[in-house]
Participant: 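The structure is given below, and queries will be raised subsequently.
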Amino acid sequence: MIISKTPYRISFFGGGSDYPEWYLNNGGIVLSSTINKYIYISCRELPPFFRHKHRIVYSKIELVREISQIKHLVVKKAFEKIYKNYNNKGFEIHYDGDFPSRSGIGSSSSFVVGLLNALNNFYNIKRSKSFLANQSILLEQKILKETVGSQDQISATYGGFNEIIFNKNGKIHVNPLIKEKNILKKLENNMILVFTGIRKKSSTANHVAKSYVQQLNRNKKNNIIEIIKHAQIAKKLIKDRRFDDFGMLLNETWKKKKELSNSVSSDRVDHIYNHGIKNGALGGKLLGAGGAGFFLFYLPKNKREIFLNSFKNFPCIPFKFEQEGSTIIFNETK
């Protein structure tokens with residue numbers, strides 16, 4: 001039995017510049033951090049006593065004899081394309097997550113990273129974090145052909161509060177920005193996640209991103225340039241420990257992000273955001289591609305009670321930053 005534990009991420013600044021359609025032409029930069037909310041994936045060899053050879057458990061339960069019969073596309077393609085020389089064993093895979101999918105918290109990539117981390121260990125394939133991150137990007141972007149960026153796989157793999165630099169030659173560098181626990185705690189005390197609901201199935205991150213990614217190098221180019229500038233300013237604010245200014249800058253990057261596509265926000269999302277600002281938040285942004293999901297708000301500590309009282313009808317989630325990334329928390333193999 002192998003169990004992987006993979007964190008979700010919060011993307012603060014630079015989102016949009018991590019799409020290969022952009023950074024392979026222009027370069028990009030993202031500021032993000034993983035948090036102490038996780039996806040758990042267990043994998044074991046299934047004994048040959050059942051009518052099915054493979055069992056996959058998520059929101060559905062799949063009992064199949066052939067890999068080609070698997071309906072969960074990520075699991076199916078991982079075995080068909082990445083582990084095709086290893087898949088003679090029967091297997092059982094279970095998925096559990098602290099947050100729902102389609103909520104802007106990077107769940108899809110965290111699932112991919114956690115699955116590949118578990119399967120690499122299941123097949124006794126020892127690889128670096130760099131390999132795991134690139135393997136995950138390959139599966140999502142090249143094999144599944146999803147319109148996704150490259151920051152989520154990096155964050156979920158490495159963990160930590162980082163600057164991620166995307167170079168035009170395709171190389172990616174991860175630079176830790178904050179490691180001190182007391183500094184991280186100060187930021188944690190000024191942030192809160194507000195859950196606004198999940199996106200509709202017809203409005204996945206892939207669908208939302210498709211509405212603007214092809215325009216990044218054309219009529220949306222100035223938006224991404226401004227978003228990158230915000231990331232560069234935010235990095236300096238972090239280094240200078242000017243956290244309130246960091247929080248207020250979230251307003252500006254959220255405005256630019258909304259201009260990318262009509263699918264990013266809505267009247268309901270705008271109302272929730274304005275309500276948060278009215279009740280003490282200095283800034284905030286909707287996480288992920290947009291449409292719905294988690295709002296991140298930055299608020300002074302003395303405004304926290306007023307803010308929470310005003311959002312009694314919404315799940316408000318405190319969190320802590322984490323620095324490990326995807327790990328194997330249980331490994332008992334023959």
Side-chain angles (χ1 to χ4, degrees), residues 6-16 18-19 30-39 58-59 74 95-114 140 146-153 155-156 191-213 227 247 250-251 253-277 281 283-299 307-308 310-319 321:
T6 306
Y8 298 96
R9 67 91 185 98
I10 288 174
S11 179
F12 298 105
F13 294 95
D18 66 308
Y19 287 95
V30 166
L31 268 58
S32 68
S33 180
T34 46
I35 61 174
N36 65 335
K37 307 296 179 184
Y38 303 94
I39 279 176
Y58 48 111
S59 58
V74 175
Y95 155 74
D96 295 284
D98 289 338
F99 287 154
S101 60
R102 307 197 310 278
S103 57
I105 207 77
S107 57
S108 296
S109 294
S110 290
F111 178 87
V112 169
V113 170
E140 287 201 83
E146 296 282 347
T147 305
V148 295
S150 303
Q151 63 160 309
D152 293 355
Q153 305 89 340
S155 292
M191 292 184 179
I192 195 79
L193 292 172
V194 176
F195 185 56
T196 69
I198 62 173
R199 289 186 298 265
K200 297 177 182 178
K201 287 186 178 180
S202 60
S203 184
T204 63
N206 180 52
H207 289 101
V208 174
K210 277 184 176 179
S211 69
Y212 61 79
V213 164
I227 284 171
L250 289 169
N251 287 319
T253 207
W254 171 233
K255 290 175 185 176
K256 287 299 175 184
K257 183 176 179 179
K258 287 200 297 179
E259 292 175 3
L260 291 176
S261 168
N262 291 332
S263 300
V264 171
S265 191
S266 65
D267 290 342
R268 179 176 180 271
V269 167
D270 287 342
H271 174 75
I272 293 170
Y273 178 76
N274 292 333
H275 183 73
I277 298 299
K285 60 172 290 191
L286 189 66
L287 299 177
F294 281 98
F295 250 115
L296 170 71
F297 283 105
Y298 180 98
L299 54 149
F307 181 93
L308 292 176
S310 74
F311 274 99
K312 284 184 177 179
N313 294 328
F314 292 84
C316 294
I317 315 295
F319 61 87
F321 297 113

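Owing to the predicted nature of the structure, the values given are computational and were not obtained by experimental measurement. Quick note: numbers below take in every heavy atom, side chains included, and nothing from hydrogens, waters or symmetry partners. Residues take their numbers from the sequence shown, with the count starting at 1.
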Participant: Find the distance between CG (Leu193) and CZ (Phe319) and round it off to the nearest 0.5 Å.
Facilitator: 5.0 Å

Participant: What pair of heavy atoms forms the shortest contact from Val148 to Gln153, and how long is it?
Facilitator: CG2-NE2, 4.1 Å

Participant: Could I get the full list of side chain to side chain donor-acceptor pair (under 3.5 Å) partners for Ser265, not counting sequence neighbours?
Facilitator: Asp270

Participant: Rounded to the nearest 0.5 Å, what's the gap from NE2 on His271 to OG1 on Thr196? Could you check?
Facilitator: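 One finds 12.0 Å between NE2 of His271 and OG1 of Thr196.
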
Participant: Taking ring pair (Phe, Tyr, Trp, His ring centres under 6.0 Å) as the test, write out the residues that go with Tyr298, two or more places apart.
Facilitator: none

Participant: CD1/Ile105 to CG/Asp152 distance, rounded to the nearest 0.5 angstrom?
Facilitator: 9.5 Å

Participant: Excluding sequence neighbours, so at least two apart, what forms salt bridge (charged side-chain N to carboxylate O under 4.0 Å, His left out) with Lys37?
Facilitator: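 Listed in chain order: nothing, the list is empty.
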
Participant: What is the minimum heavy-atom distance between Gly14 and Val30, and which atoms define it?
Facilitator: O-CG2, 3.5 Å

Participant: To the nearest 0.5 Å, what is the distance between CD (Glu259) and CH2 (Trp254)?
Facilitator: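 Rounded to the nearest 0.5 Å, the CD-CH2 separation comes to 11.5 Å.
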
Participant: Roughly how far apart are Leu299 CG and Ile277 CD1, rounded to 0.5 Å?
Facilitator: 9.5 Å

Participant: Tell me every residue that passes ring pair (Phe, Tyr, Trp, His ring centres under 6.0 Å) with Phe307, counting only those two or more places apart in sequence or in another chain.
Facilitator: Phe297, Phe311

Participant: When you compare the side chain of Ser103 with that of Tyr8, does any pair of heavy atoms fall below 4.5 Å?
Facilitator: no

Participant: Please give me the minimum heavy-atom distance between Val113 and Ala156, naming the atom from each residue.
Facilitator: CG2-CB, 4.0 Å

Participant: Taking the side chain from Tyr95 and the backbone from Phe111, do they hold a donor-acceptor pair closer than 3.5 Å?
Facilitator: no

Participant: In chain order, what residues pass the side chain to side chain donor-acceptor pair (under 3.5 Å) check against Ser107, with sequence neighbours excluded?
Facilitator: none

Participant: Counting neighbours of CG on Asp267 that are heavy atoms of other residues, nucleotides or ligands and sit closer than 6.0 Å, is the number greater than 12?
Facilitator: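 Counting neighbours around CG of Asp267, 12 or fewer heavy atoms of other residues, nucleotides or ligands fall under 6.0 Å, so no.
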
Participant: Does Ser108 have any side-chain contact (heavy atoms from CB on, under 4.5 Å) partners at least two apart in sequence or in another chain, and if so, which?
Facilitator: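 Ser108: side-chain contact (heavy atoms from CB on, under 4.5 Å) contacts with Glu140.
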
Participant: Among residues at least two apart in sequence or on other chains, which ones pass salt bridge (charged side-chain N to carboxylate O under 4.0 Å, His left out) with Asp96?
Facilitator: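 Once residues adjacent in sequence are excluded, Asp96 has no partner under the salt bridge (charged side-chain N to carboxylate O under 4.0 Å, His left out) criterion.
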
Participant: Between Arg9 and Ser155, what is the shortest heavy-atom contact and its length?
Facilitator: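 Shortest heavy-atom separation between Arg9 and Ser155 comes out as CB-CB, 3.9 Å.
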
Participant: Check side chain to side chain donor-acceptor pair (under 3.5 Å) between Asn36 and all other residues, then give those that pass, not counting sequence neighbours.
Facilitator: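 Testing Asn36 for side chain to side chain donor-acceptor pair (under 3.5 Å), a comparison that skips the adjacent residues, returns none.
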
Participant: Suppose we screen for side chain to side chain donor-acceptor pair (under 3.5 Å). Which residues come up paired with Ser110, at least two apart in sequence or across chains?
Facilitator: none

Participant: Run the side-chain contact (heavy atoms from CB on, under 4.5 Å) test against Leu308 and tell me which residues pass, sequence neighbours left out.
Facilitator: Ile192, Arg304, Cys316

Participant: What closest approach, in Å, do Ser101 and Ile198 show between heavy atoms, and which atom pair accounts for it?
Facilitator: O-CG2, 3.4 Å

Participant: Measure the spacing between CD of Gln151 and CG of Leu31 and express it to the nearest 0.5 Å.
Facilitator: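 Answer rounded to 0.5 Å: 10.0 Å.
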
Participant: Does any part of the side chain of Ile227, heavy atoms only, come nearer than 4.5 Å to the side chain of Phe13, both counted from C-beta?
Facilitator: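 Phe13 does not reach Ile227 side chain to side chain.
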
Participant: Identify every side-chain donor-acceptor pair in residues 283-294 under 3.5 Å, counting partners at least two apart or on other chains, and give the distances.
Facilitator:
residue, atom, partner, partner atom, Å
Lys285, NZ, Ser11, O, 3.0
Lys285, NZ, Phe12, O, 3.3

